[in-house]
Peer 1: 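Handing you a structure now.
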Amino acid sequence: MLLGAFVACSTPLLAQTTETYESLMKKGNDKFSAKDYISAKTYYEMALKQKANDPTAKQKLNEAVKKIQEDGARQEIFYAHLDEGDILNGQQRYEEALAEYEKALAVFPNDKYVTAQAEAIRAILQERKDKQDAFDTAMSQGESLLAEENYDAAIMQFETAIGIFPNDKLPKEKLAEARQQKQLHTDKVNRFDKIVADANNLALRKNYDAAISKLGEALELFPNDTQALAKQREWQGLKAQKDQYENIIASAEQYYENKAYKEAKAQFQSALAVVPGDAYANDMIARLNPLIEEQDAEAARLAAEEAERARLAAEAEAARIAAEEEAARLAAEEAARIAAEEAEKARLAAEAEAARIAAEQEAARLAAEAEAARIAAEEEAARLAAEEAARIAAEEEAARQAALAAAEAERQANISAILTAANELFGNQDYAAAKMKYQEVFVIDEGNATATAKIKEIDNIFAQQAAELQQHYDNAMAAGTQAVTAQDYATAIAKFGEALTYKPNDETATTQLAAAQKLEDDRIAALRVQYNAFIKDGDANFKANVFDKAIEAYTKAEELNLETYPTEMIARISEIIEANKLYELNNEYITLTAGTPKRFDFNKIEIGVRRSNYIIIKARNPHPEKTFPMIVSFGGEGGKNGGFVLPIPDNEEEKTFIFRIGAQYKWFSEDNTWIEIISENNDVEIGLVEVSRSN
């Protein structure tokens with residue numbers, strides 16, 4: 001644990017130095033030129049001790065302070081962006097972290113740590129971009145292929161996207177959708193193929209009506225199937241041909257039965273035009289030929305006329321049949337188109353309804369979960385509040401009972417103590433004080449018999465000592481008044497209180513006592529304001545791990561002697577620094593001869609903890625009649641990087657200097673591996689030399 005007096009090195013208080021004003025100013029100017037503004041400030045302050053209110057030293061001190069503030073502001077800006085960048089980087093919020101690092105580099109463009117962090121993030125972001133581009137491409141192609149019903153190719157693209165970002169939900173959902181649609185398509189194709197096979201069987205049996213109807217069921221599944229549409233057109237043509245043939249044959253047979261042989265032959269010939277080579281039509285024509293010849297012989301003229309009529313009738317019938325066939329074809333095509341449109345509308349409506357139902361179900365589920373979570377949270381909060389209220393009530397009751405018991409015990413102890421003190425005063429013949437003490441008992445135990453008896457006895461004695469008591473009273477009042485004039489209010493309070501022991505309840509003494517007490521309270525209140533300000537400053541710096549400034553504020557508060565808290569906080573800081581030490585470079589007192597440097601080497605410190613670093617040095621002045629500066633420098637392989645000056649006081653008391661070296665940018669940005677101490681004009685004893693950190 002660090003012991004001894006602490007000196008926070010940000011604003012050192014210097015005693016009279018033995019160096020001249022000129023030498024101190026020169027050293028300050030040299031440090032200022034070297035941009036070591038902290039050391040320059042120390043030398044200028046020491047120069048002002050030699051020549052108070054010197055305008056040149058004041059001006060240079062103000063310039064150094066301004067430079068320190070400017071450097072501090074730049075470093076604060078740099079560290080603020082650096083810290084925020086590190087936090088965002090740890091949260092993998094890389095774009096935001098990169099923006100903070102770039103802001104830090106705008107302050108210190110060549111900082112190696114921030115540059116390395118920024119380059120690492122850029123590499124991560126580029127890798128992410130490459131992956132994102134590949135992911136987006138796979139998802140886009142998968143969507144297009146799925147829309148084209150190319151399910152296998154779509155599945156491959158969604159699987160590729162999952163391989164790029166395994167934790168992304170969207171490609172998994174699209175993969176499941178593609179697989180589901182593929183299965184539905186496969187089932188649909190199987191149903192289609194079975195229906196088409198059944199239709200083919202019906203067509204082979206020339207049951208074209210049934211075949212066409214069955215094929216319509218298949219086209220409801222795939223309205224644009226070219227093979228099915230071709231078969232539909234083919235079978236519709238064959239059906240029309242069959243119907244035409246059967247109609248012609250029926251007409252021919254009717255003519256035959258009516259012995260209109262030439263008409264019958266013409267119909268059978270028409271049937272052959274519909275079904276070339278039809279055996280039945282050929283047989284009937286062969287049978288009709290001799291019959292026609294017989295009729296021709298008997299009525300050639302009529303036959304010729306009849307033949308002409310038959311020809312005309314045949315042509316008319318052929319035209320009619322052709323018109324019917326065309327009408328049938330157009331009707332079939334229109335029916336197919338309407339069926340396709342109706343099927344598409346039905347499919348879209350079914351998909352929309354399914355999506356709506358799914359969305360409503362999901363919304364209902366989420367709402368139910370949210371309501372359940374809210375109710376559970378409210379119930380838990382109510383339970384905890386009830387438990388806390390019960391606990392507090394129990395603690396308050398226990399405290400009240402304990403307080404009552406303690407108060408009664410304290411009251412009895414106070415009575416006993418007052419009576420003992422009063423009896424002792426009485427035995428010592430200090431009757432005024434004794435009476436006052438006995439009267440104090442009445443405040444606690446009104447009507448106390450012992451005190452009453454003693455007061456009566458004292459009153460009898462007072463009758464004989466009135467003149468003496470008056471003199472004592474006058475003396476005490478005079479002393480109290482004199483103490484007020486000297487602003488020694490504590491003594492005044494005691495003296496006016498003493499006067500009241502000679503004349504209890506005396507109006508003048510009571511008034512003077514109250515006035516002195518108020519003056520003392522006002523003095524304490526003023527000190528309390530200062531104390532609270534110092535404590536607030538110390539606590540704020542302690543919370544921010546700025547221990548040197550915290551110690552400085554706590555030390556000022558400690559000097560006011562109001563509470564032990566600042567002393568405790570200084571000890572706590574000492575424990576923290578000791579617990580977090582990085583390097584103990586020296587732990588036994590050694591004497592440094594004036595002008596002879598002492599270097600302490602150590603391994604470089606990880607950059608992540610440099611900002612919280614402190615240098616702790618214990619020192620003693622072997623020549624207590626003098627005060628002098630001790631210079632502390634630090635650096636690495638490339639040479640000196642910075643330093644500061646410590647004021648060695650003019651007494652033999654061990655001083656512990658705590659310097660927040662992490663506040664210097666060169667300590668943070670460079671790989672420092674040594675600390676060097678030199679006392680320019682006087683010997684100095686060095687004890688502990690340690691590098692630590694705040695956390």
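All figures in this text were calculated on a predicted structure; none of them were measured in a lab.
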Peer 1: Regarding Arg610 and Glu606, does a basic nitrogen lie under 4.0 Å from an acidic carboxylate oxygen?
Peer 2: no
Peer 1: Is it the case that atom CG in Asn428 sees more than 12 heavy atoms from other parts of the structure closer than 6.0 Å?
Peer 2: yes
Peer 1: Given 3.5 Å as the limit, does a donor-acceptor pair link the side chain of Ser633 with the main chain of Gly643, or not?
Peer 2: no
Peer 1: Should the pair Lys598 and Phe600 be classed as cation-pi, given the thresholds of under 6.0 Å to the six-membered ring centre and 45° from the axis?
Peer 2: yes
Peer 1: With distance as the sole test, does Arg74 use its side chain to make a donor-acceptor pair with the main-chain N or O of Val107 at under 3.5 Å?
Peer 2: yes
Peer 1: For Ala533, does its backbone N or O pair with a side-chain atom of Asp537 as donor and acceptor, under 3.5 Å?
Peer 2: no
Peer 1: Is the backbone N or O of Thr481 less than 3.5 Å from a side-chain atom of Gln512, with the two atoms forming a donor-acceptor pair by type?
Peer 2: no
Peer 1: Any cation-pi pair here, Lys454 with Tyr438, using under 6.0 Å and within 45°?
Peer 2: no
Peer 1: Between Tyr589 and Glu654, do the side chains contain an N or O donor and an N or O acceptor separated by less than 3.5 Å?
Peer 2: yes
Peer 1: Taking Asn672 for its side chain and Lys666 for its backbone only, find out whether a donor-acceptor pair lies under 3.5 Å.
Peer 2: yes
Peer 1: Taking side-chain contact (heavy atoms from CB on, under 4.5 Å) as the criterion, tell me which of Thr656, Asn587, Asn586 meets it with Lys618.
Peer 2: Thr656
Peer 1: Around atom NZ of Lys495, are there more than 12 heavy atoms of other residues, nucleotides or ligands at under 6.0 Å?
Peer 2: no
Peer 1: Salt-bridge test for Glu45 and Lys41: reply yes if a basic N is under 4.0 Å from a carboxylate O, no otherwise.
Peer 2: yes
Peer 1: Could you verify whether a donor N or O on one side chain and an acceptor N or O on the other, from Asp539 and Tyr565, lie under 3.5 Å apart?
Peer 2: yes
Peer 1: Salt bridge check: are Arg391 and Glu388 linked by an N-O gap of less than 4.0 Å?
Peer 2: yes
Peer 1: Please assess Ile675 against Val632 for the test side-chain contact (heavy atoms from CB on, under 4.5 Å), listing each intermediate value before the final yes or no.
Peer 2: CA-CA 7 Å; Ile675 293 172; Val632 182; 3.8 Å; yes
Peer 1: Evaluate whether atom CD of Glu446 has more than 12 neighbouring non-hydrogen atoms of other residues, nucleotides or ligands under 6.0 angstrom away.
Peer 2: no
Peer 1: Quick check: Phe602 with Tyr583 (ring centres under 6.0 Å apart)?
Peer 2: yes
Peer 1: With Lys556 as reference, evaluate Glu552, Glu559, Glu558 under the salt bridge (Lys or Arg N to Asp or Glu O under 4.0 Å) test and give the passing residue.
Peer 2: Glu552
Peer 1: Answer yes or no: is there a donor N or O on one side and an acceptor on the other, between the side chain of Asn414 and the main chain of Glu410, under 3.5 Å?
Peer 2: yes
Peer 1: Quick one: does any side-chain atom of Ser39 pair with a main-chain N or O of Asp36 as donor and acceptor, under 3.5 Å?
Peer 2: no
Peer 1: Does any N or O in the side chain of Asn621 come within less than 3.5 Å of the main-chain N or O of Pro649, such that one atom is a donor and the other an acceptor?
Peer 2: yes
Peer 1: Hey, is CD on Glu507 packed in by over 12 heavy atoms from elsewhere, all under 6.0 Å?
Peer 2: no
Peer 1: Where the side chain of Asn448 meets the backbone of Phe442, is there a donor-acceptor pair that is under 3.5 Å apart?
Peer 2: no
Peer 1: Inspect the contact between Glu440 and Lys437 and indicate whether a charged nitrogen and a carboxylate oxygen are less than 4.0 angstrom apart.
Peer 2: yes
Peer 1: Within a radius of less than 6.0 Å around CD of Glu568, do more than 12 heavy atoms belonging to other residues, nucleotides or ligands occur?
Peer 2: yes
Peer 1: Here's one to test your reading of the geometry: is the NZ or CZ of Arg611 within 45 degrees of the ring axis of Tyr79 and under 6.0 Å from its centre?
Peer 2: yes
Peer 1: Assess the side chains of Asn613 and Trp667: does a donor N or O sit below 3.5 Å from an acceptor N or O?
Peer 2: yes
Peer 1: Taking Ile661 as the fixed residue, which of Asp548, Ile615, Val691 is the one that meets the side-chain contact (heavy atoms from CB on, under 4.5 Å) rule?
Peer 2: Ile615
Peer 1: Would you find more than 12 non-hydrogen atoms of other residues, nucleotides or ligands less than 6.0 Å from Glu424 atom CD?
Peer 2: no
Peer 1: Can we say Asp54 and Lys58 salt-bridge, meaning some charged N sits less than 4.0 Å from an Asp/Glu carboxylate O?
Peer 2: no
Peer 1: Between Lys518 and Asp522, is the closest basic N to carboxylate O distance under 4.0 Å?
Peer 2: yes
Peer 1: Hey, does the side chain of Ser23 reach the backbone of Thr20 with a donor-acceptor pair shorter than 3.5 angstrom?
Peer 2: yes
